[in-house]
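The block underneath contains the structure these notes are about, expressed in structure tokens.
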2 protein chains.
Amino acid sequence: MKIIAYLDAGRIALGVVTSPTHFIAVADVAPDLPTDLIEILEREDGMDRLREATAGRTGDRLLADVTLKPFLHRPNAMWALALNFKSHIAETGLQTNPDFPHLFLRTEASYVGAGEPIFAPPYSVARAFDYEGELGVIIGKPGRDIPVERALEHVAGYTCLNEGSVREYQMHNRQFGLGKNFEASGSYGPWLMTPDEFGDPARHSVLTRINGVVRQRAPLDDMLIDVAHTVSYLSRGYRLRPGDLIAMGTPGALKPQPDDLEGQDLSRQFGPFPTPGLVHMRAGDVVEIEIDGLGVLRNSVITDPAFEGDL
Amino acid sequence: MKIIAYLDAGRIALGVVTSPTHFIAVADVAPDLPTDLIEILEREDGMDRLREATAGRTGDRLLADVTLKPFLHRPNAMWALALNFKSHIAETGLQTNPDFPHLFLRTEASYVGAGEPIFAPPYSVARAFDYEGELGVIIGKPGRDIPVERALEHVAGYTCLNEGSVREYQMHNRQFGLGKNFEASGSYGPWLMTPDEFGDPARHSVLTRINGVVRQRAPLDDMLIDVAHTVSYLSRGYRLRPGDLIAMGTPGALKPQPDDLEGQDLSRQFGPFPTPGLVHMRAGDVVEIEIDGLGVLRNSVITDPAFEGDL
């Protein structure tokens, strides 16, 4: 099942995608179900009811006709992992603890949905605004002190995620703080895909394209700490809640092709770790995060409208 | 104005405190106002309406009769500052950037209200569970790119805050992550006090008592980065929203008195920075954070019920 949230006459509605072009409006087939995905996840039979209501039906709505929105409204926690791909650890030269996930938090305000514009800070604020293509994990069943071998039972689904980061602010102090939480600096979507359809995350790969050029590509089994161990670790400290999001970390940059002048030009990089093949995101870019078998999260980049007029 | 949230027949209600013992139930005098403080803050005239509805009235409800609850429901961001008091920087020996607030995030699940129990992890999970007495700042008016000299106009009020921290987990990696986000590990309250009543934060002081013994005491003008500069900094990156909370950092430990054997016994400390006068929080303790002129936040400590049966 692929679940979307979209704008319907100014309100958020839920849909279930049935083909590359069509979806079912949940309100059409199950008007008694909540219009908030987290409320559905909070009901023990919520996802089963959604599945029953949509099974075997053909979608009569066009994906092309709607604006997708983030499908998680005010989750308790939007976790993210730093330095969780061996290729990214290598390119930064930074240390991380191999035994524990390296966790920090983002706020809801830092994410937009698929197709919505991502905000780049103007150059007067920061220049090193970077994509991070990642697997997003959404918690379904709540739980504390969950053993690793049962951790995946608590996962409601997966999504593509762009963990957009403002490097200058991230480097102001040891804690990433605001640098990982600029307004509308990241995105996730286009949908939540349930585990029965997605299968084992370790068998998939993630890929990032900027303006059509592949800039990251890595198998998801290159993670230092996998999904099950991360879920189990978090549950030692607190009760995982339906709708909690975990961004599983990003791989390193791909080496640029011989004819890729932009990717080879380190003089255009303003971050702390100039890396061949890395390019910053700028207004006008189109960013795509693709996870094979899941889908493509596509966003254009615009200058943060709060600073219109600034360069 | 001192605003509380409390349990009324199983639901959260708002009150305005009128004396050391009494308060007005907002629903009694302004039934048209939202029962969620953030919704009141989101209305441009919300706080004025609340003030008009309660001005000059005598509270007819007893504070002693109700259970206080956290007064912020699902704010976008619960920020906290690391290493923001010179005395705390000195005792840890850690570095921080003197030009920018050292920011990280906590989740709603990590806080309880005044009078509710704080959860200590059992020894099987962690031993260094520490209090951090702090000033909490609540945002009222939203805004982006706010100059320092206008920043305090965006503050709706202040509160006492205990930023309870699990040191072993905080030290797993550079990012504090789960160590600052254990379930019910911190608290804030007892109320939001509006700036007209509280005045300049720099003229107040914060004090922490464990079982009646003063363990922290510091003037709030010992902060490295003050409230106005922190609000202004955050607004460069994102739109501050009504209900956002900022925990302004904690001071160092007070030197123990000559007869304070517990405070002198470093062998009972399990954190990374054994410090005379520091004691960890344990089940059975009573923790009080007092800000002069504001009030006292009092919580008892119990073992996290998820681990009942563990030592």
Side-chain angles (χ1 to χ4, degrees), chain A residues 73-83 94-110 119 121 124-126 143-145 166 168-169 171-185 230 233-241 244 304-307 310, chain B residues 73-83 94-110 119 121 124-126 143-145 166 168-169 171-185 230 233-241 244 304-307 310:
Chain A
H73 179 58
R74 292 287 155 110
N76 175 67
M78 304 182 101
W79 294 102
L81 274 78
L83 299 167
L94 293 175
Q95 302 281 319
T96 193
N97 189 326
D99 297 324
F100 305 109
H102 195 149
L103 288 155
F104 61 95
L105 287 161
R106 292 180 67 114
T107 76
E108 186 172 28
S110 76
F119 296 174
S124 60
V125 175
R144 276 303 298 274
D145 207 17
V166 179
E168 292 97 330
Y169 276 67
M171 297 297 148
H172 281 168
N173 274 300
R174 280 171 71 93
Q175 304 304 309
F176 294 156
L178 183 57
K180 288 287 195 177
N181 278 286
F182 267 53
E183 185 87 21
S185 57
T230 301
Y233 174 87
L234 281 168
S235 75
R236 288 291 279 174
Y238 95 116
R239 191 173 69 88
L240 285 160
R241 285 155 168 82
D244 279 358
D304 185 338
F307 292 95
D310 286 30
Chain B
H73 179 59
R74 291 287 153 107
N76 175 66
M78 305 184 102
W79 294 103
L81 274 77
L83 297 168
L94 293 175
Q95 303 281 320
T96 193
N97 189 325
D99 298 324
F100 306 108
H102 196 149
L103 289 155
F104 60 95
L105 287 161
R106 291 179 68 113
T107 75
E108 185 172 30
S110 75
F119 296 174
S124 61
V125 174
R144 275 305 297 273
D145 207 17
V166 179
E168 292 96 331
Y169 276 68
M171 297 298 149
H172 281 166
N173 274 301
R174 280 171 70 93
Q175 304 303 308
F176 294 157
L178 183 57
K180 289 286 195 176
N181 278 285
F182 266 54
E183 186 86 20
S185 56
T230 301
Y233 174 86
L234 281 168
S235 75
R236 289 290 280 175
Y238 94 116
R239 190 173 70 88
L240 286 159
R241 285 157 167 81
D244 279 359
D304 185 337
F307 292 94
D310 286 31

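Each chain gets a letter, A, B and so on, in the order the sequences are listed, and its residues count up from 1.
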Partners passing salt bridge (charged side-chain N to carboxylate O under 4.0 Å, His left out) against B/Asp244 (at least two apart in sequence or in another chain) = none
Between chain A and each of B/Ala82, B/Gly179, B/Gly177, count heavy-atom pairs under 4.5 Å; write down the option with the most.
-> B/Gly177
Shortest non-hydrogen pair, A/His172 vs B/Tyr233, comes out as ND1-OH, 2.7 Å
Derivation and outcome, side-chain contact (heavy atoms from CB on, under 4.5 Å), residues A/Leu103 and B/Asn173 = CA-CA 8 Å; A/Leu103 288 155; B/Asn173 274 301; over 6 Å; no
Can you measure from CZ (A/Phe182) to CZ (B/Arg239) and round to the nearest 0.5 angstrom?
-> 15.5 Å
What part of B/Asp99 is in contact with chain A, defined as an atom under 4.5 angstrom from a non-hydrogen atom: side chain, backbone, both or neither?
-> neither
Exam field: side chain B/Asp145 to backbone A/Phe307, donor-acceptor pair closer than 3.5 Å = no
In terms of heavy-atom contacts, B/Tyr238 and A/Ala109 come closest through CD1-CB, 4.1 Å
Heavy-atom distance under 4.5 Å to chain A: side chain of B/Phe119, backbone, both or neither?
-> neither
For each of B/Lys180, B/Glu183, B/Gln175, B/Arg144, tally heavy-atom pairs with chain A at distances under 4.5 Å, and name the one with the top tally.
-> B/Gln175
Name the member of A/Val166, A/Leu234, A/Thr107 that forms the most heavy-atom pairs with chain B at distances under 4.5 Å.
-> A/Thr107
Kindly compute the distance separating CG (B/Leu105) from CH2 (A/Trp79), expressed to the nearest 0.5 Å.
-> 9.5 Å
Report the option among A/Arg106, A/Arg174, A/Glu108, A/Gln95 that has the most heavy-atom pairs separated by less than 4.5 Å from atoms of chain B.
-> A/Arg174
Under 4.5 Å from a heavy atom of chain A, the part of B/Arg241 involved | side chain
